[in-house]
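Worksheet for the structure shown next.
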Amino acid sequence: MPELPEVETTCRGIAPHITGRKVKAIVVRQPSLRWPVPADLPALLVGRKLHGVSRRGKYLLLGFSEGSLLIHLGMSGSLRLVAPGAPPQLHDHIDIAFSGRVLRYHDPRRFGSMHWQPGDPAEHFLLASLGPEPLEPLFDGEWLFQRSRKRQQAVKPFLMDSKVVVGVGNIYANEALFMAGIKPIRKAGSLTRNNCLALAEHIKFVLQRSIDQGGTTLRDFVGGDGKPGYFKQQLLVYGRGGEPCTVCALPLKEIRLGQRTTVYCTRCQR
DNA sequence: CGGACTCCCTGCCGGC
DNA sequence: TGCCGGCAGGGAGTCC
């Protein structure tokens, strides 16, 4: 169930265990993901040494000297390290076997993907037009303000547009809008500069806090129990439609906006 | 171009 | 109990 913090947690969790190791084998049990898994994946990877693991938006990048493997976890994907020979479970679609450790891709809904990009991964078509990373200084209130000018779209789908900023999914869009006191259905173009400053700060805050908490379950995660790294009980609005607002106790309103569940407080968010 | 909508897929939950 | 519709955290592709 990956949003940016889960992808970041995965990145940090797997990196120390596989960086510098050689790929020994690739097993593709189910090549039909969001896009077909490249048929030549074994030829591309076996024998290559992994230089490092990084993240761009919700894409994980396994970097080799010749290029990068881009992995997206979709809605239901996860990566785990398992011991060589561990029996695959249902929906364990792909193994990347390193010396001593197997990186196993699991994805019931198969909305995830794997792509190979020679050379600089940033040139891949899926990454080329992505907006800034939310936790980097390049993304700030001024950026949001400039990008939102004259946009008629509601602010929530605007925030979830990966060309505006990457990594803000449905959960964190709801949370950040609540914390910033901004109604999700407001037109992006109606936001004031101060609105945008608040919004950018709360996006950074909620994502960073979630990453910090994901870190607390890293050991379990790497050990293979796959515990998700975010804490549902800390969410202020997402999943709480009809329940009292944590600030004013008015029941939270739940609507559909751009085909996604949206929860907000009609009193605290304007 | 912006913005709304569709679809990829399995699992699960609530209603009947 | 079983079946069925609807919904789930993403996001590319299509159409207007």
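These values consider heavy atoms only, across backbone and side chains, with no hydrogens, waters or symmetry-generated copies. Sequence lines set the chain letters: A, B, ... in the order given, protein chains first and strands last, and positions in each chain run from 1.
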For C/dC3, the Watson-Crick or wobble counterpart (both distances under 3.5 Å): B/dG15
OP1 or OP2 of C/dG9 sitting under 4.0 Å from any side-chain N/O of A/Tyr172? no
When you get a sec, tell me which of C/dA12, B/dT10, C/dG10 is the closest nucleotide to the side chain of A/Ser162? C/dA12
OH of A/Tyr59 versus P of C/dG10: gap in Å, rounded? 12 Å
N or O in side chain of A/Gln152 less than 4.0 angstrom from B/dG2 OP1/OP2: no
Sugar-phosphate, base or nothing in reach of A/Phe158, heavy atoms under 4.0 Å: nothing
Return the pairing partner of C/dG9 with a 3.5 Å limit on both distances, Watson-Crick or G-U wobble; otherwise return none. none
Which listed nucleotide (B/dA4, C/dG10, C/dG9) is nearest to the side chain of A/His72? C/dG10
If the threshold is 4.0 Å, N to carboxylate O, is there a salt bridge linking A/Arg240 and A/Glu254? no
Whether A/Tyr105 and A/His93 hold their rings parallel, tilted or perpendicular, with breakpoints at 30° and 60°: tilted
Minimum-distance nucleotide to A/Lys58 side chain [options: C/dG10, B/dG11, B/dC9]: C/dG10
Of the listed nucleotides (B/dT10, C/dG9, B/dG3), which one gets closest to any side-chain atom of A/Met75? C/dG9
Selection from C/dG10, C/dC7, B/dT10 that lies nearest to any side-chain heavy atom of A/Asn170: C/dG10
Within the structure shown, what part of the strands sits under 4.0 Å from A/Arg151 by heavy-atom distance: base, sugar-phosphate, or nothing? sugar-phosphate
Please report, rounded to the nearest Å, how far the P atom of C/dG11 is from the CZ atom of A/Arg56. 12 Å
Can you name the one residue among A/Lys58, A/Arg55, A/Arg56 that meets salt bridge (charged side-chain N to carboxylate O under 4.0 Å, His left out) with A/Glu8? A/Arg55
Mark yes or no for a side-chain to base donor-acceptor pair under 3.5 Å between A/Arg256 and C/dG6, with no hydrogen or angle criteria applied. no
Check the side chains of A/Thr266 and A/Lys253 for a donor-acceptor pair under 3.5 angstrom, ignoring hydrogens and angles. no
Could you label the plane-to-plane angle of the A/His72 and A/Tyr59 rings as parallel, tilted or perpendicular, counting under 30° as parallel and over 60° as perpendicular? perpendicular
Taking A/Asp140 first and then A/Lys204, would you say they form a salt bridge - that is, a charged N and a carboxylate O separated by under 4.0 Å? no
Atom CG of A/Leu33 to atom P of C/dA12: distance rounded to whole Å? 15 Å
Return the value, rounded to whole Å, for the distance between atom CG of A/Leu159 and atom P of C/dG9. 16 Å
Tell me: CG of A/Leu130 to P of C/dG11, nearest whole Å? 9 Å
For A/Leu90, report the nucleic acid contact type (base, sugar-phosphate, nothing); a contact means any heavy atom under 4.0 Å. sugar-phosphate
Quantified in whole Å, what is the P atom distance between nucleotide B/dT6 and nucleotide C/dG6? 14 Å
Under 4.0 angstrom, heavy atoms only, what part of the nucleic acid is A/Leu126 near: base, sugar-phosphate, or nothing? sugar-phosphate
Is A/Phe111 stacked against the base of C/dG10, taking the criterion as centroid distance under 5.5 angstrom and interplanar angle under 30°? yes
At 4.0 Å (heavy atoms only), tell me whether A/Arg34 reaches a base, stays on the sugar-phosphate, or touches nothing. base
Note: for A/Trp35 and A/Arg109 on DNA chain C, the residue whose nearest nucleotide lies more 5' is A/Arg109
Length of the line joining A/His91:NE2 and B/dC9:P, which is rounded to integer Å: 13 Å
Can you tell me how far P of B/dG3 sits from CZ of A/Arg147, to the nearest Å? 11 Å
Which part of the nucleic acid, if any, lies within contact of A/Gln259, taking any heavy atom under 4.0 Å across all strands shown: a base, the sugar-phosphate backbone alone, or nothing? base
Rounded to whole angstrom units, what separation is found between the CZ atom of A/Arg110 and the P atom of C/dG9? 20 Å
Taking the side chain of A/Phe125 as heavy atoms from C-beta outward, which of B/dG3, C/dG13, C/dG10 is closest to it? C/dG13
Atom P, compared across B/dC9 and C/dC3: separation rounded to whole Å: 23 Å
Side-chain heavy-atom pair A/Leu257, A/Pro157 within 4.5 angstrom cut-off: yes
